[in-house]
Participant: 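Just dropping this structure here.
Here the structure is a predicted model, which means the values were calculated and not measured.
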Amino acid sequence: MAYIQFIDISKSYGDNKVLKNINLSIEKNEFVTLLGSSGCGKTTLLRILAGFESIDSGKIVLDGEDITNKNPRDRNIGMIFQSYCLFPTMNVFNNVAYGLRFKKIDKKTIEKEVFSALESVNLQDKAKSYPSQLSGGQQQRVALARSIVMKPKVLLLDEPFNAIDAKLRKSLQIKVKEIHEEYGMTSIMVTHDQDEAMIMSDTIHLVKNGNIEQSGTSTELYLYPRTKYVASFMGNYNVLEPKVFSKMTLGKYTDTKTVVLRPEAIEIQSEKCGKIEKDLYQFEGIIQDYIPQGNIVRFIILVEDTKLNVDTLVDNLTYFSIGQKVYLDVDLEKVLYYD
Ligand SMILES: Nc1ncnc2c1ncn2[C@@H]1O[C@H](COP(=O)(O)OP(=O)(O)O)[C@@H](O)[C@H]1O
Ligand SMILES: [Mg+2]
C-alpha cells in the first residue's frame with residue numbers, strides 16, 4: 001500500500017469547486033511535486049494533508065492510518081508555507097528552535113540542531129536577527145530551516161524557493177534533496193515552475209483546475225504529454241493549430257489535429273537540403289531573435305506568421321545571425337498530435 005493516499009478528495013469554497021475527486025498515491029521516500037498554474041488547487045491539497053483545511057468528501061491515509069480527522073499537530077508532517085509565517089517577535093534562532101522546544105530535548109542538542117539547520121540554508125550568521133531585518137529570500141530560508149530541523153516524516157514545501165535568487169536557489173534545491181534522502185523523508189513540493197519540478201522530483205503530478213491532468217516522471221511528462229495542456233506546460237513546446245501548421249508546411253499537412261513540436265526536435269540549417277524527404281516536414285523561416293541559455297541556445301524563428309522556438313547546441317550560434325533565412329526539418333516521428 002502506498003505511504004500517503006488521497007482518496008476521492010473534493011473541496012469547495014462556496015460555489016468554487018477547488019479540488020474534484022483527487023486520487024493520488026505517494027510512496028515512502030518519494031519526492032513528489034504538485035505542478036500547476038496559480039489557483040489550480042495545489043496549496044489547498046497540501047493544507048488538507050497537513051490538516052489545516054477540512055474536506056467535503058474523501059479520505060486521507062498516512063502509513064496505513066486514516067488521518068482525515070486527526071489533529072494537525074499529531075500528524076508528524078512539517079510544512080513550509082508559501083507565505084513564510086515566521087514569528088515576528090522571535091529572532092531567527094528562536095524561530096527555528098520553536099518546534100524543538102516542545103520535544104523533550106536538552107538545550108545543548110537544540111542549539112546544535114538549530115545551527116546545523118541554519119548552516120544548511122546558509123544563515124548561521126543571522127541567528128540573532130529578527131524577521132523584519134531579513135530579505136524575503138532570507139525569511140524563506142529561515143522557514144525552510146524551521147521545517148527541516150524537525151526532521152518530519154513528511155515534508156510539505158509550498159513554493160519554497162520562489163523568493164530566493166537563482167544562484168542560491170540551485171544549491172538549496174540540492175540541499176533539500178540531500179536532507180530528504182538523509183532522513184528518509186517523504187516530500188511533497190508545490191511549484192508552478194516546470195524546470196524546478198523536473199530537476200527535483202521522482203514523480204510530478206500536473207494539476208489543472210482541481211484535477212490531476214497527468215502523473216509521471218519528468219521524462220515521461222516531457223516526452224509523452226498526454227494532452228496539449230501538459231505539452232504547453234512542460235517545456236517550451238510549439239503548439240500549432242492545424243490550419244497554421246498546414247500553412248507552414250505549404251499544404252503538406254492536411255490533418256485536423258493540433259501539432260505539437262519540441263523545440264529540440266526541430267533541426268535548423270543554413271542551406272536547403274536538396275531533395276524533399278518523405279519522412280520530414282520541411283519549412284523555411286527567418287531568425288528573429290535568439291536567447292542563449294548556457295549550453296543551448298533558443299532561436300525564435302518566424303515561419304509564415306508563426307513564431308517557433310528552436311533549441312540547438314550553443315556551438316551552432318556561430319553559423320547563424322538575426323535576419324538570416326534558415327531551413328527547418330522535423331522528423332515525422334517526433335511530431336505529436338492532439339485533438
Ligand atoms: N480560504 C479560502 N477561501 C476561499 N477561496 C479560497 C481559499 N483558499 C483558496 N481559495 C481558492 O481556491 C482556489 C485554489 O487555491 P490554491 O490552492 O491556493 O491554488 P494554488 O496554490 O494552486 O495557486 C483559488 O481559486 C483560490 O482563490
Ligand atoms: Mg499556492
Side-chain angles (χ1 to χ4, degrees), residues 1-6 9 24-34 42-53 60-87 90 92-106 109-121 123 139-162 164 172-191 196-197 200-203 205:
M1 198 205 290
Y3 187 57
I4 298 170
Q5 290 175 287
F6 293 90
I9 302 286
L24 204 65
S25 293
I26 295 166
E27 298 301 328
K28 196 171 169 69
N29 218 201
E30 218 180 344
F31 197 106
V32 161
T33 297
L34 303 174
K42 308 178 296 293
T43 295
T44 305
L45 196 57
L46 274 201
R47 289 177 55 83
I48 285 170
L49 177 58
F52 299 124
E53 208 66 70
I60 304 168
V61 178
L62 171 64
D63 204 6
E65 184 191 358
D66 182 346
I67 59 160
T68 316
N69 298 310
K70 208 168 170 178
N71 195 308
R73 235 175 303 144
D74 303 328
R75 295 188 183 197
N76 200 358
I77 292 176
M79 178 150 179
I80 300 169
F81 295 94
Q82 196 167 356
S83 50
Y84 329 120
C85 304
L86 301 179
F87 304 113
M90 289 183 195
V92 166
F93 181 93
N94 287 327
N95 261 285
V96 178
Y98 183 82
L100 288 180
R101 295 206 167 113
F102 289 97
K103 294 184 169 187
K104 292 203 169 60
I105 312 175
D106 62 275
T109 313
I110 290 182
E111 196 173 311
K112 197 174 129 245
E113 297 284 324
V114 169
F115 274 102
S116 152
L118 284 177
E119 207 168 310
S120 53
V121 297
L123 280 181
Q139 291 181 42
Q140 192 160 37
R141 280 143 64 196
V142 177
L144 201 54
R146 190 176 57 178
S147 287
I148 59 185
V149 81
M150 301 298 287
K151 299 177 184 118
K153 279 201 276 184
V154 178
L155 182 64
L156 307 184
L157 306 131
D158 194 354
E159 314 254 5
F161 310 114
N162 62 350
I164 296 167
L172 278 180
Q173 286 168 342
I174 294 168
K175 195 80 208 178
V176 166
K177 277 297 291 251
E178 278 173 12
I179 292 166
H180 163 89
E181 293 298 339
E182 189 180 342
Y183 296 109
M185 291 174 182
T186 303
S187 303
I188 309 177
M189 180 176 76
V190 158
T191 183
E196 184 165 285
M200 297 193 66
S201 320
D202 299 316
T203 308
H205 301 283

Participant: Please identify each residue that fulfils side chain to side chain contact (heavy atoms under 4.5 Å, CB included) with Glu119, with sequence neighbours left out.
Facilitator: Gln124

Participant: For Tyr98, which residues count as a ring-ring contact (aromatic ring centres under 6.0 Å, His included) partner, sequence neighbours excluded?
Facilitator: Phe87, Phe102

Participant: Counting C-beta onward and ignoring hydrogens, is there a side-chain heavy-atom pair between Asn29 and Tyr3 closer than 4.5 Å?
Facilitator: no

Participant: If we only count heavy atoms from C-beta on, is the Ile4 to Ile188 side-chain gap below 4.5 Å?
Facilitator: yes

Participant: Does a side-chain heavy-atom distance below 4.5 Å link Ile179 with Ser120?
Facilitator: yes

Participant: Any chance NZ of Lys112 has more than 12 other-residue heavy atoms, nucleotides or ligands included, within less than 6.0 Å?
Facilitator: no

Participant: Is there a side-chain contact between Phe52 and Leu46 in this structure, where contact means two heavy atoms from C-beta onward sitting under 4.5 Å apart?
Facilitator: no

Participant: Have a look at Leu24 and tell me which of Ile60, Leu45, Ile9 forms a side chain to side chain contact (heavy atoms under 4.5 Å, CB included) with it.
Facilitator: Leu45

Participant: Please identify each residue that fulfils side chain to side chain donor-acceptor pair (under 3.5 Å) with Ser25, with sequence neighbours left out.
Facilitator: none

Participant: So how far is it from Thr203 OG1 to Leu34 CG, rounded to the nearest 0.5 Å?
Facilitator: 11.0 Å

Participant: Sequence neighbours excluded, which residues qualify as ring-ring contact (aromatic ring centres under 6.0 Å, His included) partners of Phe115?
Facilitator: Phe93

Participant: Roughly how far apart are Asp158 CG and Leu156 CG, rounded to 0.5 Å?
Facilitator: 9.0 Å

Participant: Out of curiosity, Asn95 CG to Cys85 SG, how far, rounded to the nearest 0.5 Å?
Facilitator: 10.5 Å

Participant: Are Glu196 and Thr33 close enough that some pair of their side-chain heavy atoms sits under 4.5 Å apart?
Facilitator: no

Participant: Contact between Val176 and Met200 at the side-chain level, heavy atoms closer than 4.5 Å - yes or no?
Facilitator: yes

Participant: Tell me, do Tyr183 and Leu155 make a side-chain contact under 4.5 Å, heavy atoms counted?
Facilitator: no

Participant: Excluding sequence neighbours, so at least two apart, what forms side chain to side chain donor-acceptor pair (under 3.5 Å) with Lys151?
Facilitator: Glu113

Participant: Can you confirm whether Glu181 sits close enough to Glu178 that some side-chain heavy atom of one is under 4.5 Å from a side-chain heavy atom of the other?
Facilitator: no

Participant: Using side-chain contact (heavy atoms from CB on, under 4.5 Å), reason through Leu86 and Arg146 one step at a time and then give a plain yes or no.
Facilitator: CA-CA 9 Å; Leu86 301 179; Arg146 190 176 57 178; 4.0 Å; yes

Participant: Among residues at least two apart in sequence or on other chains, which ones pass side chain to side chain contact (heavy atoms under 4.5 Å, CB included) with Ile105?
Facilitator: Leu100, Lys103, Thr109, Ile110

Participant: Treating Arg141 as the side-chain partner and Val121 as the backbone partner, does any N or O pair qualify as donor plus acceptor under 3.5 Å?
Facilitator: yes

Participant: Taking it one step at a time, do Val92 and Val114 satisfy side-chain contact (heavy atoms from CB on, under 4.5 Å)?
Facilitator: CA-CA 10 Å; Val92 166; Val114 169; over 6 Å; no

